[in-house]
Amino acid sequence: MLERGEDHATCAFALLELRMGAIAKMMRCSERLGKEEGVKLFFTTLKFALRLFTITHKTEYVCLGCDLLRWYYCASPAQRKIYDNCIFTQTTSKGVSVFHDYFVELSVKDLREYTGKVYYQGLGAELEYLTATIPERDGERNDARTLRDKDATSRSSDRYGIRINEYLGKLVTKITEMKLWRAGEDPVVRGEKTSETITCSSDVITLPGGVELPSLNLSSIMDVGGKRLDRYFVRWYIDSYGAVERSEKGLAKLKTTKKDLKAAMDLDIKLATSTSDLMVRECTKELLLIQIERMRDRNKARPKNKQLRIPDDKLDKNTKKGIIVDFLTTGRIKEFRAFPKLKGTLVNQIMKERGDSNVILEADRKKLIGSEFFSLSKYMEGNDAYSSILEY
């Protein structure tokens, strides 16, 4: 599997998807283990999950995770003991270990099945009785009361589950159809028509329908996700610790959808070629100053007899934006008049760079597959269960 991930970008992406499923499974296992062993697994899993939160820009989950990790690291031995044995998980009436927040949710559901959601006379006494007798009865009754109809079935009490065997069966079928782990053959995906199949390229992630996924999706798990997590923590817990409002400036969401990537390319083209004051003014000072430096660098690289007269005015972030915009557009108009093909060259260069971003080089794939994310821990290497699998 790992060798296939090095050979084909689509196989490497599938391995990442399986790792995401493994993280979710680890979280559920920590809940079932409960107490001390479950706590260790939970905090290990949380560190992996935080990278996933940063990729999708789920800042509220990043805050919760960082807060919990920071608190547990700074907690006293007594506080940790209380958290491990009394707070982390609770045991249901059937002896199942569940996270404490879900336990509260189940308790509220159980009480609402008997009392409903509307206050009535004698509710206080009934709640005291029901709370004391929770371990003696089964929860999630089908005749739960709703807000207006006390005899109606409550949708919130219905349980929706996935049959694990059925799910695994479909997964194995899909892996077989796509030829993901079939050595010597290129993986395939279905096209827009159900009978049509598309052969995947080695260096590009191809999705059903023939859509090519940007390479950023593959590298962000370990690289961009980790770096962004560091920036989150430094911003919120060091630079602005204790602040009521936490600024997210500079922590922009990653552009991974086809729509977002097209919008980003259009913005790059506009920023690099537009001569309109109104269009350029929408961009930040930092971006405009970068474009001015690039224009000056292009001019210096030309032969002296073809260099333009671009003023050496000192412009920085303290300069008024209007002055920066006028300087850029005036110089750009002069450039495009002197070199008519320059604008088209810049557009083609930007489009090529955006197109190349879909390509995942073999060296990058090997680096990802060889990372700790796909390495077996020393604990598992010496585990009897793993050794018996190898012998089999």
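With sequence neighbours left out, Lys366 forms a salt bridge (Lys or Arg N to Asp or Glu O under 4.0 Å) with Glu362. Take Asp312 and apply the side-chain hydrogen bond (donor to acceptor under 3.5 Å, both in side chains) test, not counting sequence neighbours, and it matches no residue. Taking the side-chain hydrogen bond (donor to acceptor under 3.5 Å, both in side chains) definition, one finds that Thr89 meets it with Ser97, sequence neighbours left out. When the side-chain contact (heavy atoms from CB on, under 4.5 Å) test is applied to Lys25, the partners found at least two apart in sequence or on another chain are Cys29. For the side-chain contact (heavy atoms from CB on, under 4.5 Å) test, no residue two or more places apart in sequence or in another chain qualifies with Glu3. Listed by chain and number, the residues in a side-chain contact (heavy atoms from CB on, under 4.5 Å) with Val108 are Val104, Arg112 (sequence neighbours excluded). Taking Asp326 as the reference, Asp277 meet the side-chain contact (heavy atoms from CB on, under 4.5 Å) condition, with sequence neighbours excluded. For Tyr72, the side-chain hydrogen bond (donor to acceptor under 3.5 Å, both in side chains) partners two or more places apart in sequence, or in a different chain, are Asp84.
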Report, one line per pair, each donor and acceptor closer than 3.5 Å where one atom sits in a side chain of residues 174-184; sequence neighbours left out.
unit_1, atom_1, unit_2, atom_2, d
Thr176, OG1, Val172, O, 2.8
Lys179, NZ, Glu185, OE1, 3.4

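Checked by atom type and distance alone, the side chain of Gln291 never pairs as donor or acceptor with a backbone atom of Leu288 at under 3.5 Å. Between the side chain of Thr319 and the main chain of Leu315, no donor-acceptor pair closer than 3.5 Å is present.
Pairs of residues two or more places apart, or lying in two chains, that qualify as salt bridge (Lys or Arg N to Asp or Glu O under 4.0 Å) and include a residue from residues 291-306 are Glu293-Arg296, Arg298-Glu335, Arg302-Glu335.
Residue Leu33 is found in a hydrophobic cluster whose other members, listed by chain and number, are Met26, Leu41; membership requires side-chain heavy atoms under 4.5 Å apart, directly or through intermediates. Under a 4.5 Å side-chain heavy-atom cut-off, the cluster of Ile, Leu, Val, Met, Phe, Trp and Tyr residues that includes Ile333 has no other member.
Across all non-hydrogen atoms, the minimal contact from Lys317 to Leu289 is N-CD1, 3.8 Å. The nearest pair of heavy atoms linking Val98 to Arg32 is CG1-NH1, 4.1 Å.
Inter-residue side-chain proximity for His8 and Arg4 is flagged as met; some heavy-atom pair is nearer than 4.5 Å. The shortest side-chain heavy-atom distance between Thr10 and Phe13 does not fall under the 4.5 Å cut-off.
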Task: side chain to side chain donor-acceptor pair (under 3.5 Å) between Gln90 and Tyr102, worked out - done: CA-CA 9 Å; Gln90 300 292 326; Tyr102 185 52; over 6 Å; no
